[in-house]
Amino acid sequence: MVTFLCNKLNYIKCNFNISYLVGRYALSFASEYLKNIYVNRTRETIKTVHIVSSALKATSTWHGMRTLQVVIMLSAVLHFQDINYIYLFHMLILDQECREACGGQGLKTENHVGHLKSEFDVQLTFEGDNYVLMQQALLKEILAAKRRNKPVKGLGLEHLNKPAPIIPSHLTSSALRTAQFQTDIFCLRERDLLHRFETEVSQREASGESMEHIFTVTYQIAEDLGRAFSDRLVLQTFLDVEATVPAGSLKDVLGLLRSMYTTIVMEEDASFLRYGYLSTDNAAVVRKEVLKLCSEVRPHALALVTSFGIPDALLGPIAFNWIDANAWSSVKDNDTVKDNDTVFSFFTNML
């Protein structure tokens, strides 16, 4: 079974599905950060908990829906408006492309795919639409912090008090993998989108438009800014975790995962090209680096999945020796099979 899965991952399209596993690692670190600030919350930090949970709830559930069939763990954050309850829970999730890679086995009831898809779909709108959460809880607070005309503190936005970072005009593989470049381009994207959002809101306010109307017509840049905030937060928590690990093989693997996470974000989020943070030539370099990182992370895929410690009881036959599980000797005593044999015999006798 392991050999079969490894061979499937060697196929370039299935190889790319490793990116969903990498995203899960990045989001798990961010979820742990949220849990810690919630447990240690004070009256002064409760708004931070509210904002971070809103951002991560949207990001985690969006990521989860995209990965509905890669067997990994999702630490989804359920955010409750009164802020008294934040639940972090783990769910097995599975992505349509990987479901198809599993063939008919991905549709069998005993492999739990259908159940998991039904259970997870509701999370996209649990405790509020993701886009509304991004706008209401996150953007209003960031906008207010920027308009105070004082040095910004909290939410990891201190980088707004510094000069804008400079991005190299010609990117290389080595540059893309540095933590400094990754931090710079994520911060540049966030501060530029905040400036664009603030400018548009101010212009519309000056013309007499209501705030409700303004937030409706600026939804695109508001969504981009919300994602930029969340992605930068996830990267920062990843770097914080990585900094606690001593030099060695584990730190090297974490570095690969971080680089793959950031390049995937740059490759998939249209805002990097839409607003000019990446040129078309640099975007092509990023794409090539994604494929290169997929092949480098690939040998670690089984160990990365195993490290989540998913109990065997939660897994279907497809996670083990599915060939033996589907052999006639294994299923012939199944009641459903017996019933089907009875029906088949009945119609056979009628012919």
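Atoms considered below: every heavy atom in the structure, side chains included; atoms not considered: hydrogens, waters and symmetry mates. Since this is a predicted model, take the numbers as computed values, not measurements. Along the sequence shown, the residues carry numbers beginning at 1.
Contact annotation: the side chain of Glu32 never approaches that of Thr237 to less than 4.5 Å [non-hydrogen atoms, C-beta and beyond]. Between Tyr277 and Ile167, every side-chain heavy-atom pair lies at or beyond the 4.5 Å cut-off. A 4.5 Å side-chain heavy-atom check between Thr218 and Arg204 finds at least one atom pair inside the cut-off. Counting only heavy atoms from C-beta outward, the side chains of Thr59 and Leu27 approach each other to under 4.5 Å. The closest side-chain heavy-atom distance from Met266 to Glu289 is not below 4.5 Å. The closest side-chain heavy-atom distance from Asp231 to Arg189 is below 4.5 Å. For the pair Leu293/Val22, no side-chain contact is recorded, criterion being any heavy-atom separation below 4.5 Å from C-beta on. Inter-residue side-chain proximity for Arg227 and Ser271 is flagged as unmet; no heavy-atom pair is nearer than 4.5 Å.
For the atom pair Leu257 CG and Glu296 CD, the distance stands at 11.5 Å (nearest 0.5 Å). To the nearest 0.5 Å, atom CG of residue Leu256 and atom CG of residue Leu304 are 9.5 Å apart. Rounding to the nearest 0.5 angstrom, the gap separating the NZ atom in Lys288 from the CG atom in Leu171 is 13.0 Å. Expressed to the nearest 0.5 Å, how far CD1 of Ile51 lies from CD1 of Ile46 amounts to 11.0 Å. To the nearest 0.5 Å, atom CG of residue Leu56 and atom CG of residue Leu233 are 5.5 Å apart. Taken from CD1 in Ile221 to CG in Leu194, the straight-line distance is 9.0 Å, to the nearest 0.5 Å.
Scored by the ring-ring contact (aromatic ring centres under 6.0 Å, His included) test, Phe181 finds no partners at all (sequence neighbours excluded). Contacts of Phe238 classified as ring-ring contact (aromatic ring centres under 6.0 Å, His included), with partners at least two apart in sequence or in another chain: Phe29. With sequence neighbours excluded, the residues satisfying ring-ring contact (aromatic ring centres under 6.0 Å, His included) with Tyr25 are Phe308.
Atom NZ of Lys251 sits in a crowded spot, with more than 12 heavy atoms from other residues, nucleotides or ligands closer than 6.0 Å.
Residues Lys292 and Ser173 share a closest heavy-atom pair of NZ-OG, 3.8 Å. Closest non-hydrogen pair, Ala55 versus Ser230, comes out as O-OG, 3.8 Å. Contact record, Cys294 with Met260: SG-CE, 3.1 Å, taken as the closest heavy-atom pair. Of all the heavy atoms in Glu242 and Gly255, the pair that sits closest is OE2-CA, 3.6 Å. Smallest separation of non-hydrogen atoms from Leu188 and Ala164: CD1-CB, 4.4 Å. Ala228 approaches Leu193 most closely through the heavy-atom pair CB-CD1, 3.9 Å.
Asn40 places a side-chain N or O within donor-acceptor distance of the main-chain N or O of Asn36, the cut-off being under 3.5 Å. Panel note: side chain Glu267, backbone Ala283; no donor-acceptor pair is recorded below 3.5 Å. Between the side chain of Arg191 and the main chain of Pro165, no donor-acceptor pair closer than 3.5 Å is present. At least one donor-acceptor pair under 3.5 Å links the side chain of Arg41 to the backbone N or O of Tyr38. Judged by distance alone, the side chain of Ser60 and the main-chain N or O of Lys57 form no donor-acceptor pair under 3.5 Å.
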Phe272 and Val265: side chain to side chain contact (heavy atoms under 4.5 Å, CB included), yes or no, with the steps?
-> CA-CA 9 Å; Phe272 284 91; Val265 171; 3.9 Å; yes

Begin from the C-alpha positions of Leu157 and Arg232 and carry the test side chain to side chain contact (heavy atoms under 4.5 Å, CB included) through to its verdict.
-> CA-CA 10 Å; Leu157 297 174; Arg232 194 263 311 150; 3.5 Å; yes

Given side chain to side chain contact (heavy atoms under 4.5 Å, CB included), test Leu278 with Val285 step by step and report yes or no.
-> CA-CA 10 Å; Leu278 288 176; Val285 174; over 6 Å; no

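Annotation: cation-pi geometry not satisfied between Arg258 and Tyr261 (NZ/CZ under 6.0 angstrom from ring centroid, within 45° of ring axis).
A side-chain donor from one of Gln236 and Asp240 sits under 3.5 Å from a side-chain acceptor of the other. Remark: the Thr178 side chain and the Gln180 side chain contain no N/O donor-acceptor pair separated by less than 3.5 Å. For the residue pair Thr45 and Thr48, no side-chain donor N or O sits within less than 3.5 Å of a side-chain acceptor on the partner.
Clustering ILVMFWY residues whenever any of their side-chain heavy atoms sit less than 4.5 angstrom apart, transitively, puts Leu225 in a cluster other than the one holding Leu273. Side-chain heavy atoms closer than 4.5 Å link hydrophobic residues (I, L, V, M, F, W, Y) into clusters, and following such links, even through other members, never connects Phe197 to Val217.
Taking 4.0 Å as the cut-off between side-chain N and carboxylate O, Asp224 and Arg196 do not count as a salt-bridged pair.
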